[in-house]
Number of protein chains: 2
Amino acid sequence: MNRQEILNKFKEKGLRVTPQRLTLFMKLAEMKGHIKAEDLYNALKEEIPSISISTVYRTLKEFESKGFIYSLPSSTDYGLTVFDTNLEPHHHFICLRCEKIYDVPEEYVEIKVKNIQGSIQYETVIMKGLCESCKNKKKKVS
Amino acid sequence: MNRQEILNKFKEKGLRVTPQRLTLFMKLAEMKGHIKAEDLYNALKEEIPSISISTVYRTLKEFESKGFIYSLPSSTDYGLTVFDTNLEPHHHFICLRCEKIYDVPEEYVEIKVKNIQGSIQYETVIMKGLCESCKNKKKKVS
DNA sequence: CTTCGTGCAAAGTTTTTGCATATGA
DNA sequence: TCATATGCAAAAACTTTGCACGAAG
């Protein structure tokens with residue numbers, strides 16, 4: 001996504017364009033994955049040394065409410081939010097043993113929803129279980 | 001679920017039975033919904049005044065790892081985990097405007113998953129959008 | 001007995017807020 | 001202009017930890 005496309009995206013949602021938001025958005029796209037607010041903050045400081053963590057949180061919240069990103073609970077620690085910056089629709093598999101979060105491509109899952117009265121903006125499937133490598137290890141550990 | 005069934009569930013997972021765990025489990029079933037650790041703690045104090053918040057957190061973590069409950073990020077506040085105590089499989093619809101979490105019955109959603117190498121223990125769909133009432137209000141509010 | 005769970009208090013993390021200033025439209 | 005975003009610092013909120021004691025199997 002180039003600069004102009006991002007600007008359009010912002011305008012479309014009525015977001016004022018600031019260097020912080022722009023850089024944050026680009027960083028998210030670049031970091032692809034499940035990012036903690038603080039890691040993002042550290043990465044951003046390299047480009048905008050004066051940026052504050054409050055701005056990061058506020059912007060993240062703003063972006064989520066516009067549907068640009070998605071928040072997930074960390075599988076490891078309660079009270080820690082992880083932001084999924086993979087802007088392509090996709091799903092999640094969380095291993096109950098090693099606690100990794102795996103992205104599952106959209107085409108692996110087929111969903112049909114009926115009877116919902118509201119309007120759905122996007123949807124994601126969260127699966128929990130044992131990932132392949134933990135499944136194989138399972139017998140060896142207690 | 002009666003007392004005996006709970007005891008079996010515990011034994012099956014190798015959990016030692018204590019009054020705290022038993023009461024907590026029953027409270028969860030009774031409170032059905034999306035519960036914050038602290039609300040649960042307050043409710044529990046009525047039955048076990050000496051119970052501590054650490055026990056609540058530790059037990060919640062234990063229960064989640066055994067698949068008895070499920071943790072979700074609060075849609076309102078980052079860093080706040082909400083425990084879904086609805087023990088029946090079901091899905092979630094989160095309104096981006098009023099931030100309510102609605103349960104969606106399992107039968108409203110049909111999922112087919114392919115190509116997953118791990119073993120799935122359970123899965124839930126999280127949908128985000130506007131709930132019916134917010135969808136209708138939408139035009140009236142800027 | 002011996003291992004595991006609990007309570008307490010304290011510490012640790014993560015996130016939010018208020019306010020003055022700066023900036024975008 | 002003037003409403004909104006930002007930075008800062010401080011507070012709040014939430015969760016985890018260490019340790020000594022108590023309880024379960």
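A note on names: the letters A, B, ... follow the listed sequences, proteins ahead of strands, and every chain is numbered from 1.
Distance from the side chain of A/S50 is smallest for D/dG7 among the nucleotides D/dG7, D/dT16, C/dG5.
One finds no side-chain N or O of B/Q20 lying less than 4.0 angstrom from the OP1 or OP2 phosphate oxygen of D/dA23. Between D/dG25 and B/K11, no contact under 4.0 Å exists linking OP1 or OP2 to a side-chain N or O. The side chain of A/S52 places no N or O atom within less than 4.0 Å of a non-bridging phosphate oxygen (OP1 or OP2) of D/dC8. Residue A/R58 places no side-chain N or O under 4.0 Å from the OP1 or OP2 atom of D/dT6.
For A/L44 and D/dG7, the CG to C1' distance is 14 Å, given to the nearest whole Å. Atom pair A/Y41:OH and D/dT6:C1' shows a separation of 12 Å (rounding to whole Å applied). Going from atom NZ of B/K61 over to atom P of C/dT6 covers 15 Å, rounded to whole Å. At whole-Å resolution of the value, CG in B/L60 and P in D/dT15 are 9 Å apart. Regarding B/K45, its NZ atom lies at a distance of 16 Å from the C1' atom of C/dT6, rounded to whole Å. Rounded to whole Å, the distance from CG on B/L24 to P on C/dG5 is 14 Å. Spacing between atom CD1 of B/I53 and atom P of C/dG5 amounts to 19 Å, rounded to whole angstrom units.
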Generate the contact string for nucleotides 20-25 of chain C. Rules: B means base contact, S means sugar-phosphate contact only, - means no protein heavy atom under 4.0 Å.
---BBS
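Salt bridge annotation for B/K27-B/E30: present, with a cationic side-chain nitrogen under 4.0 angstrom from a carboxylate oxygen.
Side chain of A/E64 to main chain of A/S71: a donor-acceptor pair is present (N/O by atom type, distance under 3.5 Å, no hydrogens or angles). Looking only at distances, a side-chain donor or acceptor of A/E5 sits under 3.5 Å from a matching main-chain atom of A/N2.
Direction change of the helix axis from one end of the helix from C/dC1-D/dG25 to C/dA25-D/dT1 to the other is 60°, with five pairs defining each end axis (rounded to 10°).
Dense packing is recorded around NZ of B/K66, with more than 12 heavy atoms of other residues, nucleotides or ligands lying under 6.0 Å away.
Shown here for A/R16 and A/R21, the closest heavy-atom pair between the two residues is O-NH1, 2.8 Å.
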Which atom pairs link the protein and nucleotides 12-14 of chain D when you take only N or O atoms and keep those under 3.5 Å?
residue: D/dC14; atom: O3'; partner: B/G79; partner atom: O; Å: 3.2

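Checked by distance alone, B/S54 brings a side-chain donor or acceptor within 3.5 Å of a matching partner on the base of D/dT17.
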